[in-house]
Amino acid sequence: MFSFCTDPSVLAAPAWFACYLTTGKLMLFYASFGTVLLLLAITAPVALAFGFAGAAAARSRVTPLSWLGKIYIAMVRGVPDIVFFLFFVIALDQGLEYLRHKVKCPEWDEPIRQGSDFIVCAAAKLPLSTSPQAWHEVYGFSLAVLTFSIVFGAFAANVLFGAMRAVPRAQLETAEAYGMTHRQTFWRILVPQMWVYALPGLSNLWMVLIKATPLLFLLGVEDIVYWARELGGAKTARFTDYPHADWRVWYFLALLIFYLAFTRVSEIVLDRIMARLTHGQATAAGEAQRKAAA
Amino acid sequence: MKTLILSTAVLALSAGLAMAQTVRMGTEGAYPPYNFINDAGEIDGFERELGDELCARAELTCEWVTNEWDSIIPNLVSGNYDTIIAGMSINDERDEVIDFTQDYIPPATSSYVALSEDADLSGVIAAQTSTLQSQYISESDATLLEYATADEIIVALKNGEADAVFFDTDYLMPIVEESGGELMFLGETVTLGRGTGMGIRESDGELKDKFDAAITSMKDDGTLNTMLIKWFGEGTDTY
Amino acid sequence: MSCWDTVHAYAFRSIGMGERLLPRSDFTICEQIVLIGSGMIWNVYFGICALVLGFALATGLAVAKNSSNFFLRKAATWFIFVFRGSPLFIQFFFAYFLFLSLKGFSPVFDPFTSAALGALIVLFFNTAAYAGEIFYGALQSVPKGDIEAADAYGLAGLARFRRIVWPTMLRLAWPAYTNEAIFLFHATTLVFFSGFPAWRQQGDALYYANYFADKTFNPFIPYPILAGYFIALTLVIVGLFGLVNKRLNRHLPADRRARVRYRPNLMR
């Protein structure tokens, strides 16, 4: 990075650190914070959509659909998320390639499973083996987002399912009395009112999601934990210009501060949103707000 | 019927072409001197240099990717990359699931490293989880202590958690040499596995043949030996 | 080897009884089910011990956070913030590092680097922080009328807390606390996965599932088996906590009883 970095072994500590902290490898570490934030930013709305679909399905009057929704919710309740992460990505990847294979190569006559090999035609590969490495990384990242969304979508489904039940029954009955159909009641009365009941659960879910990101490296994404481990390990002078002892504790300390700060900021923001949402609502908190102002 | 044959032929051809265009090389990136990430953030090490040379000789375009050690074989068989070149010893368990090229490093030795001459080699021995070394210790009289990464076993040794560590000699060598006498090799070295080779899907015979031929040519003209000495030092086994 | 022999050899392998060597080749489904089940002993041990210890500390934390003493309140608030605000994964790393360093000072700390004690302490503090926050929330929603009634009866201090405030706090917190218990059991899978080493290949259910996935190169059998065990464990927890909930609510008319409903407000 800097011109004086050609031989770091002769540098004094401040200059040494200036060089060390700007190596290409450290840049990848900094970038991985962006990866984690990007993942959170994409996963949150996608998981919410999954959750909404799950909750709507669980409420459905069509029995098979409601069973499907309930099974989806119950599955994730029972199983530790780490177990999902350990085999879900490969399953998802193979599933997608299998579907593409069926569409793109209908005349393929070889078996897809040969021993332990999973073979689809070249055109069905995701992404194509000819595409540049960047696409492979985008694909890997998308699979991680999808896996996170499926798992956290189930949590969100549960929160929304509970919130839908918390909307006062009288509201729905009034809607029916006005002659609204089931669908109209759902979209015009239930959905707009449920958010205030869902928000405490959803904000907890957001905190949970933040704290699940150290498991991202299990999904093949080179995240902050991957780089903290890789960079923190003791380095001998033979393979790097910047040898150092075991520094993992400092790298992990940086991660700890990152997570604590992120949690704190989220708490503050979510409290503000909650205050705004409760404003004028006929709930205990809304009542308290009114009294405080008066 | 004719179009069917034609399309399969085109397909086979395009599959062959795709292969000739890019071969994705899967490695771990955390196992110096075999493979590691250098200061610039790129994959480096003996296997990087070897792999690039092999690809040049086999006239293949290669692209490097890293993957966690734990899932490196499942990701190969499900086609996320085409070869494993990650210091992987050839053994029967792995050979059942994937194919290996001929070895490009002679059977690797594993050694004990301890803090003092009188360490008890049948006491507590630290090794990395799911390696040949941890399997070897679990079958011996010693008490096995397993850590997820190789870094951690060295830390455990220095803190007195383990009497000794048992790991790949080539990995331990630079660490012992630069420890300033704190660490030392102890006891006999043990040869595990049948050498290090590239892992390739069983259905990918054509690719395996190409790499086999390239490795043979490097063995014949001595470039492989030069490369081995460059990365593993004068005392290493050569062909 | 028949399946019954396998059960004999490996049912208690995770705590060092039975066959010393793990299966090496020709893995059967039976072996996978038995060994992963054997590993569940560790998950249950961690879960139960941390839950019992954590329950006591959580009550203390909730009272401290609610106290009028500035230092007590700040200490409890920070304890809860640090343990709830950081991933368990990172807490395990720091705990192991800390115990290793302490070991250098005094041999008293020797047992702390083993998972059985060291990891238990982390899980204990972690669940205490989460449960402490739940109890604190419940403590704040104890109806004013209950406390006034207790005063009218001449109850004060510890007696008022033990007989009036605490039971109501538990009743209000119980549905959320049930979920905390479920997630605590799930979190026990992280013990051997990060931070703490496994001795003599004695590990928890995830350790063995990982072992099989690594040896057979097929993740699609051991992990679903593990998932099955956890679903069963979750059902047992829900059942037991449901019984307690019934007892806590037995004085209320049926329509006012709190139902244990699943709200995922707590995980690591």
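Computed from a predicted structure; not experimentally measured. Chain identifiers are assigned alphabetically (A, B, ...) following the order of the sequence lines, protein sequences preceding nucleic acid strands; residue numbering begins at 1 within each chain.
- B:D52 and B:W64 form a side-chain donor-acceptor contact under 3.5 Å, judged by distance and modelled atom types alone.
- For the residue pair B:T189/B:S111, the side-chain donor-acceptor check at 3.5 Å is not satisfied.
- Applying a 4.5 Å heavy-atom cutoff, the residues of residues 244-258 of chain A that approach chain B are A:D246, A:R248.
- Looking at every heavy atom in both residues, B:F36 comes nearest to B:G45 through CE2-CA, 3.6 Å.
- Contact annotation for A:E137: neither backbone nor side-chain heavy atoms come within less than 4.5 Å of a heavy atom of chain B.
- In this structure, the portions of A:F217 lying under 4.5 Å from any heavy atom of chain B include both its backbone and its side chain.
- Residue B:N67: no heavy atom, backbone or side chain, is found under 4.5 Å from chain A.
- Residues A:Y20 and B:D39 bring no donor and acceptor atom of their side chains to less than 3.5 Å of each other.
- Between B:E178 and A:T236, the side chains place no donor N or O within less than 3.5 Å of an acceptor N or O (distance only, hydrogens not considered).
- Using modelled atom types and a 3.5 Å distance limit, the side chains of B:T27 and B:N35 yield a donor-acceptor pair.
- Heavy-atom distances place the side chain of A:D93, and not its backbone, under 4.5 Å from chain B.
- Of the two parts of B:E177, only the side chain, counted from C-beta on, holds a non-hydrogen atom closer than 4.5 Å to a non-hydrogen atom of chain A.
- Formation of a donor-acceptor pair under 3.5 Å by the A:K25 side chain with backbone atoms of B:I37 is found in this model.
- Taking B:Y171 as the reference, B:Y31, B:F167 meet the ring-ring contact (aromatic ring centres under 6.0 Å, His included) condition, with sequence neighbours excluded.
- Only the backbone of B:A40 comes within less than 4.5 Å of a heavy atom in chain A; its side chain stays farther off.
- For B:V97, the parts lying under 4.5 angstrom from a heavy atom of chain A are both the backbone and the side chain.
- Counting heavy-atom pairs closer than 4.5 Å to chain A, the top-ranked of the candidates B:P32, B:S71, B:A150, B:P74 is B:P32.
- Only the side chain of B:R24 comes within less than 4.5 Å of a heavy atom in chain A; its backbone stays farther off.
- For A:L28 against A:W227, the heavy-atom pair with the smallest separation is CD1-CH2, 3.6 Å.
- Side-chain polar atoms of B:E28 and B:T66 form no donor-acceptor pair below 3.5 angstrom.
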